[in-house]
Amino acid sequence: MSEPPADAETFLAATDTIAALRFDLSQLEAGVLAGLSLGIAADTRSFARIFGIEHALVLRALEILVDLGLLTVTSRNARTQRAHYEVSEEGGSLLGALRTETKRERSRNS
């Protein structure tokens with residue numbers, strides 16, 4: 001059985017943790033990473049639709065994450081500009097740190 005989609009609290013906590021781990025990221029950029037990590041969205045159109053954000057803003061955030069080496073674009077639709085993306089090696093390290101921090105936080109709260 002697959003895990004249910006992340007709830008809002010989990011998404012926001014992951015976004016805040018990523019932003020704290022990488023102070024150079026905006027909340028939107030951290031949110032794109034959190035959304036990918038939690039299985040919420042792996043393409044720009046879906047992320048924009050789910051969160052009610054202009055697609056152009058998500059595309060801009062994606063380009064910054066690609067420039068920083070955290071994500072890799074796997075495909076792009078020329079007509080709609082929808083871009084599918086995945087975590088790069090460096091992004092994987094960041095998301096690994098997110099998982100470690102999340103486990104640490106859970107152990108403190110139990």
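- Between the NE2 atom of His84 and the CG atom of Leu36 there is a distance of 12.0 Å, given to the nearest 0.5 Å.
- Once rounded to the nearest 0.5 Å, the distance linking CG of Leu25 with CG of Leu65 reads 6.0 Å.
- Partners of Ser93 by side-chain contact (heavy atoms from CB on, under 4.5 Å), not counting sequence neighbours: none found.
- Applying the side-chain contact (heavy atoms from CB on, under 4.5 Å) test to Ile53 and every residue at least two apart in sequence or in another chain returns Leu28, Phe47, Phe51, Leu57, Val58.
- Nearest approach of Ala19 to Ala30, heavy atoms of both residues: N-CB, 3.9 Å.
- In this view, Glu86 satisfies the salt bridge (charged side-chain N to carboxylate O under 4.0 Å, His left out) rule with no residue, not counting sequence neighbours.
- Residues Leu70 and Leu95 are not in side-chain contact: their nearest non-hydrogen atoms beyond the backbone lie 4.5 Å or more apart.
- Between Ser88 and Leu71, the closest side-chain pair of non-hydrogen atoms is not below 4.5 Å.
- For Tyr85, the ring pair (Phe, Tyr, Trp, His ring centres under 6.0 Å) test picks out no residue, with sequence neighbours left out.
- Scanning for side chain to side chain donor-acceptor pair (under 3.5 Å) contacts around Thr15 gives an empty result, with sequence neighbours left out.
- Contacts of Arg82 classified as salt bridge (charged side-chain N to carboxylate O under 4.0 Å, His left out), with partners at least two apart in sequence or in another chain: Asp43.
- Considering only residues two or more places apart in sequence or on other chains, Arg76 meets the side-chain contact (heavy atoms from CB on, under 4.5 Å) condition with Leu59, Glu63, Val73, Gln81, Ala83.
- Atoms CZ and OG1, from Arg99 and Thr17 in turn, are 13.0 Å apart once rounded to the nearest 0.5 Å.
- Take Arg79 and apply the side chain to side chain donor-acceptor pair (under 3.5 Å) test, not counting sequence neighbours, and it matches no residue.
- Scanning for side-chain contact (heavy atoms from CB on, under 4.5 Å) contacts around Ala13 gives an empty result, with sequence neighbours left out.
- Judged by distance alone, with hydrogens and angles left aside, the side-chain atoms of Ser46 form no donor-acceptor pair with the main-chain N or O of Ala42 at under 3.5 Å.
- Applying the salt bridge (charged side-chain N to carboxylate O under 4.0 Å, His left out) test to Asp24 and every residue at least two apart in sequence or in another chain returns Arg22.
- A 4.5 Å side-chain heavy-atom check between Leu98 and Leu33 finds every atom pair outside the cut-off.
- Sorted by first and then second residue, the side chain to side chain donor-acceptor pair (under 3.5 Å) pairs involving residues 52-61 (not counting sequence neighbours) are Thr44-His55.
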